[in-house]
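Report on one structure; see the data block that follows.
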Amino acid sequence: MSVAVTIEAIEKRFENFPALRGVSLDIQPGELVALLGPSGSGKTTLLRLIAGLEEADRGRVLFGDIDTRALSLRDRRIGFVFQQYALFKTMNVADNIAFGLRSRPREERPIASEISKRVKGLLELVQLPGLEKRYPSQLSGGQRQRVALARALAIEPRVLLLDEPFGALDAKVRKDLRAWLRELHGRVGHTTVFVTHDQEEALELADRVAILNAGKIEQVGSADDVYDHPATPFVCEFLGEVNKLPVKVVGSQAFFGDRPVLGGLSQNQGGPASLYVRPQHLRIVDETPLALPGTVEHLRRNGPLRRAEVAVEGLKKRLDVDLASQVAPAIGERVRLRITHGNLFAAA
Amino acid sequence: MTTTASFRWREPSILPGFGLAMGITVTALSLIVLIPLAGLFVKAASAGPADIWAVATSPRTLAALRLSFLGALFAALVNTVFGLILAWVLVRYDFPGRRLIDAAVDLPFALPTAVAGISLAAIYAPNGWVGSWLAPLAFRFTIPFTDVSIGFDGKVAYTPLGVMVALIFIGLPFVVRTVQPVLEELQSDVEEAAALLGANRLRTVFRVILPPVLPALLTGFVLAFARAVGEYGSVIFIAGNIPMVSEIAPLLIVIRLEQFDYAGAAVMATMMLLISFALILAVNLVQARARRRFGDV
Ligand SMILES: Nc1ncnc2c1ncn2[C@@H]1O[C@H](COP(=O)(O)OP(=O)(O)OP(=O)(O)O)[C@@H](O)[C@H]1O
Ligand SMILES: [Mg+2]
């Protein structure tokens with residue numbers, strides 16, 4: 001039932017503003033893909049294009065090997081969950097969920113008893129049994145969200161599209177729904193694309209993450225791929241915190257000023273570059289080669305971690321350093337930092 | 001849905017202002033609405049039961065009331081359909097002259113009613129622009145196997161049809177202006193959701209778009225109806241005012257006043273008042289029920 005979705009070189013402009021600038025993406029049947037990107041990067045536009053709610057200026061979308069332009073909205077069989085849910089407020093929950101089934105042409109429409117059985121089953125699936133008679137105004141945000149999902153699932157969609165499914169919910173509910181959605185996806189196995197600007201959500205939930213920036217896909221890959229091996233500086237900065245050091249590469253070493261800070265480089269890319277280092281990849285060490293001297297200027301707590309801000313001569317911004325629990329430098333203390341892992345990008 | 005029988009004041013908000021607001025409301029309402037209406041009842045009652053009965057059941061009174069209420073009802077229904085379509089076009093489509101039409105909708109509000117009445121009468125008179133063009137369209141036929149014959153004798157002005165034309169004219173802005181903001185607020189994502197769920201356009205319009213508009217539409221209908229029932233100025237010029245045929249109730253009240261039959265006028269006025277009040281109250285109850293159920297999402 002699930003199909004592969006192929007997005008081929010999509011371009012889309014609004015008036016003169018290019019919202020999507022050549023986006024290609026292959027989605028496997030049953031895969032759960034996240035579209036991640038900052039506000040205005042074109043996530044919603046791409047999702048609406050897949051659904052057929054927008055028309056591409058160039059490029060096409062395939063379901064399996066069918067060009068979607070040949071399909072009517074109904075025949076695309078898309079389950080779409082809108083950011084604001086878009087429930088029909090003059091219908092109760094049961095009628096909302098049954099709407100898609102009742103909209104089928106007469107000869108394909110299930111009989112009434114079959115419909116109410118399906119509604120009941122779907123309400124159980126989304127863990128809201130017995131709420132058939134409620135109106136959307138009588139539901140909490142999380143419940144509306146799940147009714148919207150049940151309504152989308154009712155038409156047995158080929159592809160499930162979710163726009164910021166947890167955007168309007170509080171942190172606790174988000175976490176619960178996230179786990180639940182992952183589990184639900186495991187059970188029903190629809191090809192699913194969801195939009196989010198929350199990188200934690202994308203990394204935790206998706207089989208693969210596509211990172212959008214200004215209408216282009218910067219990188220597609222598993223959570224580990226994109227987090228550990230970012231393809232571009234943008235991806236590196238967008239996924240979690242990172243320190244940025246201007247360096248010069250000579251041979252297999254990167255130099256900050258005239259001090260070597262990272263060795264064993266395989267790239268043959270001499271010249272100026274930017275070195276991106278996450279806080280957990282900076283370690284306070286005793287005297288070694290390849291270390292960066294600095295002064296601890298600030299200590300703070302960041303959830304379970306303790307974090308030091310270290311000023312380094314020649315660098316305007318202090319470096320964030322995650323502390324192993326046993327090491328506890330004092331403010332003002334001079335320390336040496338070793339970079340255990342970093343990503344190097346040639347300076348633009 | 002059941003309504004609870006017990007009565008309770010709605011909890012006044014913790015924010016101050018209830019006393020002041022209530023005081024002003026009651027005072028203003030009394031001075032402007034309640035006391036004059038009470039005066040009307042007293043005047044009507046002064047006629048004595050026999051006279052009241054005579055006025056209330058006289059054929060001329062009944063004919064006038066029937067024309068006023070049925071005419072208003074018909075005009076309000078026409079306006080509901082036409083006003084909804086007009087509002088839809090104004091909200092959904094952009095075309096040259098849209099702003100002009102949007103502004104023109106308010107003209108029946110602004111125009112002195114006598115001006116509207118005289119213009120309509122002139123246009124729809126048998127030798128007027130529209131009237132002369134309508135005359136050849138006269139037709140009549142008898143429904144088979146009955147004695148009922150229906151038809152149109154080519155005349156609008158100086159007939160009950162003319163009354164309705166005037167009532168439609170003055171009622172239109174009420175429907176357009178109450179429905180328009182609601183249509184503007186409708187989220188397009190609900191329509192898109194319906195389309196993706198496989199609904200055709202007709203089903204989307206009738207099951208998804210119109211139901212949320214219904215309360216506003218009902219309000220527009222009531223306003224247009226209420227205005228049409230009481231309308232005087234624009235109607236009397238086009239109606240021809242033939243007793244028992246095209247004489248509206250407000251005009252008959254004025255005629256009675258001019259004959260110094262104050263009690264008779266008051267009785268008729270009271271009848272109009274009670275019928276209108278009952279109708280409007282009924283519609284408001286229906287509406288309140290819908291509001292309570294669907295809330296605002
Ligand atoms: N109908 C439209 N008309 C004109 N510009 C539009 C339209 N829809 C989107 N845009 C523009 O296209 C760009 C991408 O919009 P889109 O809604 O896809 O962003 P997004 O990634 O979903 O952002 P957010 O996270 O804020 O929802 C934005 O700059 C937006 O202003
Ligand atoms: Mg968006």
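Chain letters run A, B, ... following the sequence lines, proteins first and then strands; every chain starts at 1. Source: prediction; values computed, not measured.
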Residues Val190(B), Leu87(A); criterion side-chain contact (heavy atoms from CB on, under 4.5 Å); working and verdict: CA-CA 7 Å; Val190(B) 181; Leu87(A) 292 176; over 6 Å; no
Looking at Arg98(B), I want to see if its CZ is surrounded by more than 12 non-hydrogen atoms of other residues, nucleotides or ligands under 6.0 Å. yes
Under 4.5 Å from any heavy atom of chain B, what part of Phe99(A) do you find: side chain, backbone, both or neither? both
Met91(A) side chain near Arg207(B) side chain, heavy-atom distance below 4.5 Å: yes
Taking atom CD of Glu11(A) as the centre, does the number of heavy atoms from other residues, nucleotides or ligands within less than 6.0 Å exceed 12? yes
Measure Gln187(B) against the heavy atoms of chain A and call it side chain, backbone, both or neither at under 4.5 Å. neither
Part of Arg48(A) within contact of chain B (heavy atom distance under 4.5 Å): side chain
Would you give the length of the straight line joining atom OG1 of Thr90(A) to atom CG of Leu210(B), rounded to the nearest 0.5 angstrom? 10.0 Å
Rounded to the nearest 0.5 Å, what's the gap from CZ on Arg74(A) to CG on Leu196(B)? Could you check? 12.0 Å
A quick test of your reading: do over 12 heavy atoms of other residues, nucleotides or ligands sit less than 6.0 Å from CZ of Arg58(A)? no
Can you tell if the side chain of Phe88(A) reaches within under 4.5 Å of the side chain of Leu197(B), non-hydrogen atoms only? yes
Rounding to 0.5 Å, atoms CG (Leu53(A)) and CG (Asp189(B)) come to a distance of 10.0 Å
Does CD belonging to Glu185(B) count more than 12 external heavy atoms closer than 6.0 Å? no
For Phe277(B), look at atom CZ and say whether over 12 heavy atoms of other residues, nucleotides or ligands are found less than 6.0 Å away. no
Counting heavy atoms not belonging to Tyr232(B), are there more than 12 under 6.0 Å from its OH? yes
Considering residues, nucleotides and ligands other than Tyr93(B), do more than 12 of their heavy atoms fall under 6.0 Å from its OH? no
Under 4.5 Å heavy-atom distance to chain B, tell me which part of Ile78(A) shows up: side chain, backbone, both or neither. both
